[in-house]
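Each residue takes its place number in the sequence, starting with 1. Computation of the quantities below employed the complete heavy-atom set of this structure, encompassing side-chain atoms and omitting hydrogens, waters and symmetry-equivalent molecules.
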Amino acid sequence: MSQTPAAMPLAPMSPNAVMTAFHYVQSLQEGDTETAGMLANAQPRLRTLLIDVADRIVTPITALPSAAEGDP
C-alpha cells in the first residue's frame, strides 16, 4: 500500500533543527534581518524545517477537535 505525503511517517528532527527554525521566526518578528539571513544561510533546509515544525508542533497544539472527538 503506497502512502500519500500527508500519511508518510515524519523523519526525526534534531533539537538543533527545531531551535534554528524557531530562532529564524523570532528574528523575523523582531525585525532582525541580519540574524534571520545568517540562520537561513547556515541552514539550507530552512523552508523544510519550518514546515516540519508547523506539522509537528504548531498544528497539533492548535488543532480543534473534530466532531467525532467531541467538545474539549
Side-chain angles (χ1 to χ4, degrees):
M1 172 169 73
S2 67
Q3 294 181 328
T4 63
M8 292 178 65
L10 298 170
M13 280 182 84
S14 71
N16 185 46
V18 174
M19 288 183 355
T20 299
F22 275 109
H23 286 147
Y24 175 78
V25 171
Q26 183 180 23
S27 297
L28 289 177
Q29 288 178 332
E30 293 174 356
D32 186 357
T33 56
E34 184 176 329
T35 300
M38 182 183 67
L39 290 168
N41 289 334
Q43 183 55 260
R45 294 185 48 239
L46 188 60
R47 285 188 198 166
T48 305
L49 289 175
L50 292 171
I51 292 169
D52 282 350
V53 167
D55 284 345
R56 296 165 190 250
I57 299 170
V58 177
T59 302
I61 291 173
T62 60
L64 296 173
S66 67
E69 295 172 344
D71 292 331

Review point. Does Thr35 have any side chain to side chain donor-acceptor pair (under 3.5 Å) partners at least two apart in sequence or in another chain, and if so, which?
Key: Asp32
side-chain contact (heavy atoms from CB on, under 4.5 Å) partners for [X], two or more places apart:
X: Arg47; result: none
X: Thr33; result: none
X: Leu28; result: Tyr24, Ala36

Tabulate below the donor-acceptor pairs under 3.5 Å that side-chain atoms of residues 13-23 make, not counting sequence neighbours, or state none.
unit_1, atom_1, unit_2, atom_2, d
Ser14, OG, Ala17, N, 3.0
Thr20, OG1, Asn16, O, 2.9
His23, ND1, Met19, O, 3.2

